[in-house]
Each structure stands twice: as C-alpha cells, then as structure tokens.
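For reference, the structure discussed in these notes is given below.
Whatever order the structure lists ligands and atoms in, that order sets their numbers, starting from 1. Only this structure's heavy atoms are used, side chains among them; waters, hydrogens and symmetry mates stay out.
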Amino acid sequence: MTLRVAVTGAGGRMGRAVAQAVLSDVNATLVSVCARQSSDLVGQSVASVLGTDIADLRIGGTLDLNNVDVVIDFTLPESSLAYAQQCAVAGVPIVMGTTGFTDEQRATLDECLGSVASCRAANFSTGVNLAYRLLELSAKVLGDADIEIHEAHHKHKIDAPSGTALAMGDAIAQTMGADLSQVARYDRASSREPGTIGFSVTRAGDIVGEHTVLFASEGERLEVTHKASSRSAFATGALRAAHFIADKPANSYTMADVLGLS
Ligand code: NAD
C-alpha cells in the first residue's frame with residue numbers, strides 16, 4: 001500500500017529533505033506540505049520549491065490531514081506541539097524529529113500523543129541509533145573510564161548540546177545506573193570530577209552533525225564517532241519510521257523498535 005505522507009516545515013532544511021525522501025520513495029506519496037502561516041512559501045507549488053517535477057501540490061499555511069496516513073514533522077518545539085495536538089485529535093500517526101523541548105513541553109507531548117502511534121527521535125539516522133547500542137556496551141565494560149561527549153553542528157542550530165548528544169549521555173548514564181542530570185557537566189572551568197560525563201559543543205559553518213564519545217582510561221582510549229554528511233540520513237530514517245508506525249496501534253515507538261534493535 002502506498003503511504004500517504006504530510007510534511008511540515010517546508011521552508012526548513014529538514015522539511016525539504018523529508019519531502020525529497022518521500023518523493024524518491026516508490027511506496028510513498030507526498031499528499032500535503034505546509035509551512036508556517038506567515039511564510040512566503042504558502043501558496044507556492046511544491047514542485048517550484050523543491051525543484052522537482054511532481055503533480056501540482058501547493059504549500060499550505062496549516063497542516064491538512066485529509067487523506068493522510070502519517071505526518072512527518074521537523075520544525076520548532078512550539079509548532080511541533082501544535083501539530084501533535086492536531087494529529088492526536090484526528091487520530092493520525094506522527095513521526096517527530098524536532099529537538100529542544102523543555103521538560104514541560106515534553107510532558108505535554110507525552111500526554112497528547114498517548115492516543116496515536118508516534119515515533120520521536122533526537123536523531124533518525126541508522127548509524128546513530130546503532131551507536132546508542134555500542135555506547136551501552138562500552139559503558140558496561142568501561143564504566144570507570146573518563147567519559148566525554150563532543151558534538152558539532154552548523155551555525156544555525158538553536159539548541160545545545162544536541163538532542164543526540166544528550167540521548168547518548170542518557171544511554172551511558174542509564175547503563176551505569178546514574179541519572180544524567182546529576183552526572184552531566186556542560187561547563188567545565190575546573191578539574192574533572194570522577195563519574196561525570198562532560199559535554200562540549202562546536203557550532204560552525206555547515207556541519208550537518210558529528211558526535212564523538214570518548215572513553216579514556218590509563219593507557220588507552222576508545223572513541224565512538226558518527227558523522228552525518230547529508231540530511232538525507234535523517235530524512236530516510238524518519239520515512240522508515242513513518243512506514244513502521246502507520247498501521248501500528250497507539251504507542252510511542254522508538255527508532256530501536258523501527259530498526260529491530262529493541
Ligand atoms: P530549520 O530552521 O531549517 O527549519 C525549521 C522549520 O520550522 C522552518 O521551516 C520554519 O518555517 C518552521 N517553523 C518555525 N516556526 C513554525 C511555526 N510556528 N509553525 C510552523 N512551522 C514553523 O531547522 P532544521 O535544520 O530543519 O531542523 C528542524 C528541527 O529538526 C530542529 O529542532 C533540529 O534540531 C531537528 N533535527 C532533528 C534531526 C533528527 O534526526 N531528529 C535531524 C536534523 C534536525
């Protein structure tokens with residue numbers, strides 16, 4: 001069955017990458033695309049914005065859920081919350097890649113998505129989701145090493161550290177029986193405290209996304225690194241998640257579920 005997909009954030013880097021991924025998928029159809037209401041893109045044809053030759057489809061200023069099997073959303077926390085509420089009311093599954101939610105926003109999201117199938121991930125790339133497993137294994141064996149997480153992204157990224165870096169820290173902390181909020185160190189102006197996980201951040205140029213986790217002990221160190229060279233890695237992962245959740249019962253699915261890693 002062809003999956004009918006709605007994409008939000010048509011003006012955004014990820015919105016465009018996801019729309020392109022849907023257009024390249026013979027088992028999916030792009031049926032609805034929207035941008036923020038005040039955007040110049042509203043009313044323009046998707047073909048002209050994406051530079052592709054597709055049947056005429058106009059960019060809307062609101063999310064149209066008619067004949068939609070699944071929504072894929074990568075926008076901002078405020079708009080993602082509104083889209084999630086709309087999907088919950090209409091019973092339409094949603095894949096959400098937006099990061100930077102506050103704890104309060106995340107709790108609202110959890111509550112409102114209780115009635116539909118959803119998949120949220122700070123990183124939809126296959127490599128990063130596999131890396132979480134490698135990090136759990138590394139933390140199990142090297143839990144007493146000094147652990148540092150470094151991430152680098154383009155200069156336009158709003159939140160820091162990245163949702164992926166935090167998810168990596170969380171996977172490691174949980175494996176060690178610790179609470180990330182207690183062991184994370186985001187600013188270090190003095191010497192290293194044992195048992196902590198240090199975070200450092202680079203924001204520069206057009207870096208798509210790089211994460212390195214360092215486990216350093218006396219005499220040796222292990223580094224687990226993932227580098228994304230194109231947003232298509234996230235877009236195809238999100239589309240894979242969309243295919244996975246479209247006919248599933250209401251639940252909050254993870255990329256580990258989608259990739260068969262759970
Ligand atoms: P971007 O700034 O290029 O795009 C954001 C989009 O949100 C724009 O199209 C903007 O118009 C839209 N938007 C803003 N306010 C809106 C509103 N009120 N209503 C509707 N739309 C609105 O950012 P991006 O690089 O595309 O990233 C978007 C989000 O996805 C960020 O949170 C980023 O961290 C996250 N991201 C996640 C992954 C992942 O794999 N989970 C990968 C890359 C980026």
| query | Closest non-hydrogen protein atom to atom 36 (N) of ligand 1, residue and atom name please, with distance? | reply | Gly97 O, 3.7 Å
| The one among Cys34, Pro77, Ser79 that brings a heavy atom closest to atom 18 (N) of ligand 1 | Ser79
| Pair Asp257-Thr254, side-chain donor/acceptor within less than 3.5 Å | yes
| Arg120: which of Asp73, Asp110, Thr98, Thr99 passes side-chain hydrogen bond (donor to acceptor under 3.5 Å, both in side chains) | Asp110
| query | What distance do Phe74 atom CZ and Phe234 atom CZ have between them, rounded to the nearest 0.5 Å? | reply | 8.5 Å
| For Ser39, what residues pass the side-chain hydrogen bond (donor to acceptor under 3.5 Å, both in side chains) criterion, not counting sequence neighbours? | none
| said: Can you pull out every ring-ring contact (aromatic ring centres under 6.0 Å, His included) where at least one residue sits in residues 157-191? Sequence neighbours excluded, please. | reply: Tyr186-Phe199
| note | among protein heavy atoms, the one nearest atom 43 (C) of ligand 1 is Met14 CG, 3.5 Å
| query | Taking C-beta and beyond as the side chain, do Val7 and Val18 meet within less than 4.5 Å on heavy atoms? | reply | yes
| Phe74 N/O under 3.5 Å from ligand 1 N/O | no
| message | What protein heavy atom lies closest to atom 14 (C) of ligand 1? Include the residue and the distance to one decimal. | response | Leu76 CD1, 3.5 Å
| query | Numbering the atoms of ligand 1 from 1, which are under 4.0 Å from a heavy atom of Thr99? | reply | 32 (O), 33 (C), 34 (O)
| Do the side chains of Leu130 and His226 get nearer than 4.5 Å, heavy atoms only? | no
| Given side chains that start at C-beta, do those of Glu210 and Thr212 come closer than 4.5 Å, heavy atoms only? | no
| Nearest option to atom 31 (C) of ligand 1, as decided by whichever heavy atom of Thr62, Ile158, Thr75 sits closest | Thr75
| task | To the nearest 0.5 angstrom, please state how far the OG atom of Ser32 sits from the CG atom of Asn67. | result | 10.0 Å
| Sub-3.5 Å N/O-N/O distance, Ser125 and ligand 1 | no
| request: Provide the number and element of each atom of ligand 1 under 4.0 Å from a heavy atom of Gly9. | output: 9 (O)
| task | Using a strict cut-off of 4.0 Å, indicate which atoms of ligand 1 neighbour a heavy atom of Gly11. | result | 9 (O)
| said: Can you check which of Arg36, Arg16, Arg13 brings a heavy atom nearest to atom 10 (C) of ligand 1? | reply: Arg36
| task | Say whether Ala121, considering both its backbone and side-chain N or O atoms, lies within less than 3.5 Å of an N or O atom on ligand 1. | result | yes
| message | Please report whether ligand 1 has a polar contact with Gly12, defined as an N or O pair separated by less than 3.5 Å (distance criterion only). | response | yes
| remark: Under 4.0 Å from one or more heavy atoms of Lys157, ligand 1 contributes atoms 34 (O)
| Among side-chain atoms of His150 and Glu148, is any donor-acceptor pair under 3.5 angstrom? | no
| Considering only heavy atoms from C-beta outward, does the side chain of Tyr132 approach that of Thr164 to under 4.5 Å? | yes
| field | Under-4.0 Å heavy-atom contact with ligand 1, by part of Tyr83 that carries it | value | side chain
| said: Phe124 versus ligand 1: do any nitrogen or oxygen atoms come within less than 3.5 Å of each other? | reply: yes
| Does Ala122, backbone or side chain, put an N or O under 3.5 Å from an N or O of ligand 1? | yes
| said: Heavy-atom pairs closer than 4.0 Å: do any link ligand 1 to the side chain of Glu78, the backbone, both, or neither? | reply: neither
